[in-house]
S.K.: 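I have a structure I would like to understand better, so I am pasting it below and will then ask my questions one at a time.
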Amino acid sequence: MDDEDEIIDLGDETEQVLAQMKKSLKGEQETELAFQIADRFISIQEVDGGYDYSIMGADYKEIDGGVYDNPDVSIREALDDILTDLRENPFDNGTRGNIRDNDEWIPIDYNGLMEKAEAVNRIEPQAQGNVVENFKVKTDELFHEISEMNPAEIEETVKCHVQAQLDQYGMDAEIVDVAVVGSRCRGLEREGSDLDVVVELSTSEREDVLFDTFNGDALHIGGVKVDINPITAQRTGTLETYLPQVEDYLEGVREAREKEPVSIFNIRMNDEERWFKNTSGLDAKGLCKAYAECDKPFVEMGKYGERIEAADHASIEQGSRLDFSIEFNEETDQLTIFDGENFEHKGLRAALFPEQAEPEVTLTVAE
């Protein structure tokens, strides 16, 4: 018997594991295995094109996994390669856990491990409380509507699109839930940002196959490309476990954005004034050009910036993060650009519409 087949402290699983090993000795091909090594559990099963494996912690929650895409080796050779890679991870890597170089594999019952993992996934949503609901409430507060569609309407549209793809390709999968994620769910999008939507499914299909299926015919909503990201409990996890990671990432994005230079502009006309934070990525010259092309600046310039209050505008203009500010004053025909240190004043019409400027008149006095 090879060292890797040594049975150590199997408890009630001894008979089941011995039965699996007897099958192997009789020449029957192994298609699924499970082992414990230190504080990690590893499952592996044969799939089309290779082997699907999962690495779980002591709580039976998946930490890592993937597809070993070499069907020409045996399942034990594949497992040996996976373990070698796992041992080579640094000790502070969350996947490796407490595994040491001399730790041995302990074979355990595959079905028993899968049952425990599934039980954890069933309990997890209850333990997490209203994670999904709270995430969506926050999205409703911060989301900028697209073509007058709110997040719930977008999620329903994506759900219908995904179901149509599942039906078309005859895939055995059930939609569990859908959620708008990415920068747009927290109002952090930039011009041209895609709309990210995650779809949790109950299925044995691989996530990469599902991704290709759902995004093959690119879905657009209001001219915005939709990226559909499928997740499953056995791979990425459920929405309850996935969304907190999304929240943490977006909080980091928000904090980084707060340190970036900010540009602002305001428009004054017809005894009214509006203030905007520039979200277009355009520089001062670009914003001036955009303004020159507007028939109704109050309305049309809204697509280049986010409406803010006068007090917020003043705070940014006086702060250390200011890149530039522009005032378009139709009442005084004045264009003012401030770079944080110096003001530049120009005639609004002359600067933006030089072709409309009155030609200079030269007087010639006869001698």
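Not measured: the values here are computed from a predicted model.
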S.K.: Should the pair Lys116-Glu118 be classified as a salt bridge under the 4.0 Å nitrogen-to-oxygen rule?
M.R.: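 Looking at Glu118 together with Lys116, the answer is no, because their closest N to O distance does not fall below 4.0 Å.
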
S.K.: Looking at Glu255 and Arg257, is any side-chain nitrogen of the basic one under 4.0 Å from a carboxylate oxygen of the acidic one?
M.R.: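 Not counted as a salt bridge, because no side-chain N and carboxylate O are separated by less than 4.0 Å.
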
S.K.: Between Thr203 (side chain only) and Glu205 (backbone N and O only), is there a donor and an acceptor less than 3.5 Å apart?
M.R.: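 Pair found, side chain donor or acceptor close to backbone of Glu205.
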
S.K.: Please work out whether the ring planes of Trp105 and Phe35 are parallel, tilted or perpendicular, with thresholds of 30° and 60°.
M.R.: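 Judged by the thresholds at 30° and 60°, the geometry between Trp105 and Phe35 is perpendicular.
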
S.K.: Check each of Glu133, Glu247, Glu251 against Lys138 using the salt bridge (charged side-chain N to carboxylate O under 4.0 Å, His left out) test, and report the only one that passes.
M.R.: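 Between Lys138 and the candidates, salt bridge (charged side-chain N to carboxylate O under 4.0 Å, His left out) is satisfied uniquely by Glu247.
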
S.K.: If the plane angle is over 60° it's perpendicular, under 30° parallel, otherwise tilted; pick one for Tyr291 and Phe328.
M.R.: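 Ring orientation, 0 to 90° scale: parallel.
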
S.K.: Is the Tyr60-Phe41 ring centre distance short of 6.0 angstrom?
M.R.: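 That pair passes the under 6.0 Å test.
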
S.K.: Test your reading of the model: is there a side-chain donor-acceptor pair from Asp140 to the backbone of Pro151, 3.5 Å cut-off?
M.R.: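 Not confirmed, Asp140 side chain does not pair with Pro151 backbone.
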
S.K.: Does Arg268 come within less than 4.0 Å of Glu330, counting only side-chain N to carboxylate O?
M.R.: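 No.
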
S.K.: What are the two closest heavy atoms between Ser74 and Tyr51, and how far apart are they?
M.R.: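 Reported closest heavy-atom pair: C-OH, 3.4 Å.
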
S.K.: Tell me, with the steps shown, if Asn278 and Tyr304 meet side chain to side chain donor-acceptor pair (under 3.5 Å).
M.R.: CA-CA 6 Å; Asn278 178 20; Tyr304 299 104; over 6 Å; no

S.K.: Less than 4.5 Å apart, side chain to side chain, heavy atoms only: is that true for Glu32 and Asn111?
M.R.: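 They are in contact (side-chain heavy atoms under 4.5 Å apart), so the answer is yes.
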
S.K.: Can you give the donor-acceptor pairs under 3.5 Å from side chains of residues 306-315 to other protein atoms, not counting sequence neighbours?
M.R.:
none

S.K.: Using distance only, find each side-chain donor-acceptor pair of residues 162-173 under 3.5 Å and give its atom names and separation, not counting sequence neighbours.
M.R.:
{"unit_1": "Gln163", "atom_1": "NE2", "unit_2": "Asp167", "atom_2": "OD1", "d": "3.0"}

S.K.: Using the salt bridge (charged side-chain N to carboxylate O under 4.0 Å, His left out) rule, pick out the option among Arg254, Arg190, Arg321 that qualifies with Glu260.
M.R.: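 Among Arg254, Arg190, Arg321, the one meeting salt bridge (charged side-chain N to carboxylate O under 4.0 Å, His left out) with Glu260 is Arg190.
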
S.K.: Can you name the residues that form a salt bridge (Lys or Arg N to Asp or Glu O under 4.0 Å) with Glu331, not counting sequence neighbours?
M.R.: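 In terms of salt bridge (Lys or Arg N to Asp or Glu O under 4.0 Å), with neighbours along the sequence ignored, Glu331 is linked to no residue.
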
